[in-house]
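Notes follow once the structure below has been shown.
First listed ligand is number 1; within each ligand, the first listed atom is number 1. Note: hydrogens, waters and symmetry copies are ignored here, and every other heavy atom, side chains too, is used. In this chain, numbering begins with 1 at the start of the sequence shown. Predicted model only: the values in this text are computed from it and were never measured.
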Amino acid sequence: MLENNERKMPLQLEELPPYPEFEENVDRAPSRGFFLNRDETILALKNALRYVPREYHEKLAGEFLEELVNRGRIYGYRFRPPGRIKARPVDEYEGKSIEGKAIQLMIDNNLDFDVALFPYELVTYGSTGQVCQNWMQYNLIKHYLKNLTRNQTLVVLSGHPLGLFPSRPEAPRVIMTNGLLIGEFDNQKEFNRAAALGVSNYGQMTAGGWMYIGPQGIVHGTYITILNAGRRYLGLGNDEDLRGKLFVTSGLGGMSGAQPKAVEIAGGIGVIAEVNDKQTFKRHRQGWVSKVSDDLDEIFSWVDEYREKMEPVSIGYRGNIVDLWEYILENDIKVELGSDQTSCHAVYDGGYTPQGLTYEEAIELKDRDPDAFKEAVDRSLVRQFELLRKITEKGMHFWDYGNSFLKAVYDAGAREIAVDPDNPANGFIFPSYIEDLMGPMVFDLGYGPFRWVCLSGKQEDLDKTDRAAAECIDPDRCPQDRDNYRWIVNAKDNDLVVGSKARILYQDAQGRVRIALKFNEMVRKGEVGPIMIGRDHHDPGGTDSPYRETSNIKDGSNITYDMAAHCFAGNIARGMTMVVLSNGGGVGIGKVRNSGYGLVLDGSERVDEIIRSALEWDVMVGVSRRSWARNENSIKVVKDWNRDNGFRGFITEPEIADDSILEKIVDEI
Ligand SMILES: NC(=O)c1ccc[n+]([C@@H]2O[C@H](COP(=O)([O-])OP(=O)(O)OC[C@H]3O[C@@H](n4cnc5c(N)ncnc54)[C@H](O)[C@@H]3O)[C@@H](O)[C@H]2O)c1
């Protein structure tokens with residue numbers, strides 16, 4: 001129950017907090033543009049003022065208006081807690097339940113200055129992915145979490161905490177949604193309007209799902225992607241790594257910053273372009289990129305040196321990716337693997353810096369003259385495509401890294417990038433990393449980015465869980481388990497932790513259940529403190545997107561999101577601690593629905609039961625759907641599951657029709 005004096009919502013204030021000071025060297029989100037008309041502007045102000053006692057409205061209205069006009073959003077900076085936010089050990093949080101405390105920790109980690117992309121604007125990663133929309137919501141969410149009991153569920157609508165509702169201990173403690181727009185309005189323009197009005201949040205995946213663990217979360221996936229690219233495109237054996245091979249790409253941001261680290265772990269050489277020096281130097285300071293230069297001659301002399309030595313190295317190029325590709329073409333440099341990780345899901349919102357402009361100039365042009373900015377972006381994307389076409393003709397293998405790069409090039413006017421220039425939904429001339437690599441070789445088998453956070457904040461807990469997880473994996477079972485085993489035994493030495501004591505480890509359904517049960521037992525025995533498990537939404541069952549996760553679903557159902565909705569509903573029904581469903585993660589509004597979860601391991605037998613039913617469901621919903629879509633590897637996993645679990649349930653298996661019969665009768669029509 002809330003205390004009597006806490007019942008009067010919204011925010012309780014003795015007095016207005018002072019206007020905060022902003023640290024100079026911390027990146028700020030670019031303005032999202034001011035485009036509301038007079039009545040909409042008034043509506044946006046009224047919406048934001050709902051959180052604040054009336055006596056402060058007059059003073060705050062002007063301040064909020066200024067934020068709206070200058071930043072395109074009302075963030076309510078005044079309500080941001082002073083100083084740096086950091087995830088603290090769970091015991092240091094106030095709360096009436098371990099879940100309420102754990103979730104506060106997860107939120108704070110998403111806003112840590114070392115983790116978040118634009119911490120003042122509540123953006124965790126991916127250019128626009130926010131924890132919630134404004135600092136009033138943050139305070140209110142925190143307040144509810146402090147009071148949350150096991151008989152209540154906090155309901156969050158696009159960052160807005162609708163309230164603490166009576167429920168029961170077996171129900172989730174938090175259920176959230178982000179950016180769920182009605183079909184007719186499900187596009188970027190309407191979303192921008194809704195976000196400016198303060199009624200919709202772009203949650204990306206784990207930003208608005210409160211399960212981000214810093215770039216480590218993506219290093220493992222990137223490592224697996226690059227290794228599998230080597231196997232598929234360069235014919236490397238399962239035991240080989242990328243020694244002596246060059247991978248060129250762009251982006252040292254939230255997720256893209258994982259690329260240099262991953263290429264080094266995979267044994268290769270990486271050159272990564274980044275236009276924003278703050279990002280480059282941040283990654284360099286953190287040790288995620290080994291060398292940095294703005295001199296391309298110097299960079300490629302390093303490449304030659306490391307090729308010769310057959311040693312891994314990652315190099316950040318302080319400049320535009322288009323300039324880097326131009327140099328490579330002009331100097332006839334051999335590149336084996338190539339990709340791009342600029343934020344093309346938001347190209348016209350500042351996610352992509354056009355050639356010829358610095359990062360700062362691009363932001364300035366976008367704010368001053370959005371049409372001219374759009375033209376510059378389109379020109380640059382088309383130029384990048386022309387260069388890539390020529391370089392791939394010389395033997396480089398290029399793939400879309402799930403950032404909507406191919407679609408952005410198409411939208412910029414280079415329609416020849418689509419297999420069918422009139423319909424980009426039929427695919428592009430370059431593969432996506434899901435179609436060729438992650439889909440068949442990882443997701444279809446049920447493998448995905450399982451993760452955990454040691455809520456005690458203790459390194460020794462992380463070490464113990466790393467060892468326990470390794471003991472749960474048989475490296476000889478399959479190539480995936482060999483990669484994952486290698487990953488986890490080397491994880492500590494690779495110095496991957498930024499923010500909370502967390503670990504990522506790709507696992508399939510069985511592996512996740514086995515490891516989670518082991519961890520819960522360790523908590524029960526007092527060997528480690530409580531643990532939060534979860535995953536990225538970029539997983540076999542969590543996400544429906546024809547542009548990414550489900551791009552290797554070829555039965556026509558890739559335009560539906562029944563699977564992500566069922567994943568969400570099923571995880572609620574089975575009692576995960578925190579469950580979320582969002583629109584937009586990764587590839588943009590209207591192009592994806594994704595769901596995720598978090599589960600607090602408190603050592604109880606109740607949690608053992610949730611692990612057994614919910615963790616398995618969360619993966620097998622995806623594998624079952626992939627199997628129904630006739631994906632070969634999934635059919636095999638489903639057959640095995642039915643053989644081993646027939647007494648517990650049964651998954652529908654597809655009959656495979658013979659194409660030659662069908663082609664014959666259809667051709668005869
Ligand atoms: N890493 C993955 O496994 C993965 C998976 C799926 C999707 N993605 C996608 O990758 C994209 C990047 O994600 P993020 O979190 O790193 O975003 P981010 O915005 O944090 O980083 C992108 C970086 O690219 C830089 N950049 C923009 N234009 C550039 C240019 N022309 N040349 C050089 N650098 C440029 C930006 O300055 C920025 O630092 C997103 O669209 C995301 O959805 C990544």
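Panel note: side chain Asp112, backbone Asp114; a donor-acceptor pair is recorded below 3.5 Å. With hydrogens and angles disregarded, a donor-acceptor distance shorter than 3.5 Å links the side chain of Glu121 to the backbone of Ala29. When atom types are taken as modelled, the side chain of Glu361 and the backbone of Thr358 share a donor-acceptor pair closer than 3.5 angstrom. Remark: the backbone N or O of Ile504 is paired with a side-chain donor or acceptor of Gln216 at under 3.5 angstrom.
Residue contacts with ligand 1, taken as heavy atom pairs separated by less than 4.0 Å, involve Ile218 solely via side-chain atoms from C-beta onward. Looking at Arg548 against ligand 1, only its side chain comes within 4.0 Å, counting heavy atoms. Both the backbone and the side chain of Glu274 come within contact range of ligand 1, each with a heavy atom under 4.0 Å. If you look at Tyr433 next to ligand 1, the close heavy atoms, those under 4.0 Å, all belong to the side chain.
For Gln341, a nitrogen or oxygen atom sits less than 3.5 Å from a nitrogen or oxygen atom of ligand 1, counting backbone and side chain alike. In terms of polar-atom proximity, His538 is not counted as a contact of ligand 1, lacking any N or O under 3.5 Å from an N or O of the ligand. Remark: ligand 1 and Ile321 share an N or O pair separated by less than 3.5 Å (distance only, no angle test). Close N/O approach between Thr222 and ligand 1 is not found [any backbone or side-chain N/O within under 3.5 Å]. At least one N/O-N/O distance between Gly586 and ligand 1 falls below 3.5 Å. When only interatomic distances are considered, the shortest N/O to N/O separation between Gly254 and ligand 1 falls below 3.5 Å. In terms of polar-atom proximity, defined here as any N/O pair under 3.5 Å, Tyr125 makes no such contact with ligand 1. The shortest N or O to N or O distance between Gln204 and ligand 1 is not below 3.5 Å. Residue Gly257 has no nitrogen or oxygen atom sitting less than 3.5 Å from a nitrogen or oxygen atom of ligand 1, judged on distance alone.
With salt bridges taken as basic N to acidic carboxylate O contacts below 4.0 Å, one links Asp27 and Lys278. Ion pair Lys86/Asp108 not flagged as a salt bridge, since none of the NZ, NE, NH1 or NH2 atoms sits closer than 4.0 Å to an Asp/Glu carboxylate oxygen. For Glu264 and Lys261, the salt-bridge test fails: no basic side-chain N is under 4.0 Å from an acidic carboxylate O. Ion pairing between a basic and an acidic side chain is recognised when a charged N comes within 4.0 Å of a carboxylate O; Lys334 and Glu336 show such pairing. A salt bridge links Lys554 and Glu435; the closest N-O separation between the charged side-chain nitrogens and carboxylate oxygens is under 4.0 Å. Electrostatic pairing of Glu386 and Lys390 does not count as a salt bridge here, judged by no charged N lying under 4.0 Å from a carboxylate O.
For ligand 1 and His345, the ligand atoms under 4.0 Å from any heavy atom of the residue are 40 (C), 41 (O), 43 (O). The atoms of ligand 1 that sit less than 4.0 Å from any heavy atom of Ala273 are 33 (C), 34 (N). Distances below 4.0 Å separate heavy atoms of Leu117 from the following atoms of ligand 1: 20 (O). Every atom of ligand 1 is numbered from 1 in the order shown, and the set under 4.0 Å from a heavy atom of Gly319 is 33 (C). Counting atoms of ligand 1 from 1 in the listed order, those under 4.0 Å from a heavy atom of Gly351 are 27 (C), 28 (N). Within ligand 1, the atoms closer than 4.0 Å to a non-hydrogen atom of Asn276 are 37 (O), numbered from 1 in the order shown. Within ligand 1, the atoms closer than 4.0 Å to a non-hydrogen atom of Ser127 are 19 (O), numbered from 1 in the order shown. Interface of Gly251 with ligand 1, defined as ligand atoms under 4.0 Å from a residue heavy atom, comprises 23 (C), 24 (O).
Rounding to the nearest 0.5 Å places CH2 of Trp302 at 11.5 Å from CG of Asp297. Separating the CZ atom in Arg283 from the CD1 atom in Ile272 is a distance of 11.5 Å, to the nearest 0.5 Å.
Looking only at heavy atoms of the protein, atom 19 (O) of ligand 1 is closest to Ser343 OG, 2.7 Å.
Scanning all heavy atoms of the two residues, the minimum distance from Val248 to Leu324 falls at CG1-CD2, 3.7 Å.
The shell of residues lying under 4.0 angstrom from ligand 1, judged by heavy atoms, includes Gly126.
Comparing heavy-atom distances from atom 35 (C) of ligand 1 across Thr225, Thr342, Asp27, Ile272 singles out Thr342 as nearest.
Screening Trp399, Tyr352, Phe398, Phe430 against Phe405 for a ring-ring contact (aromatic ring centres under 6.0 Å, His included) leaves a single residue, Phe398.
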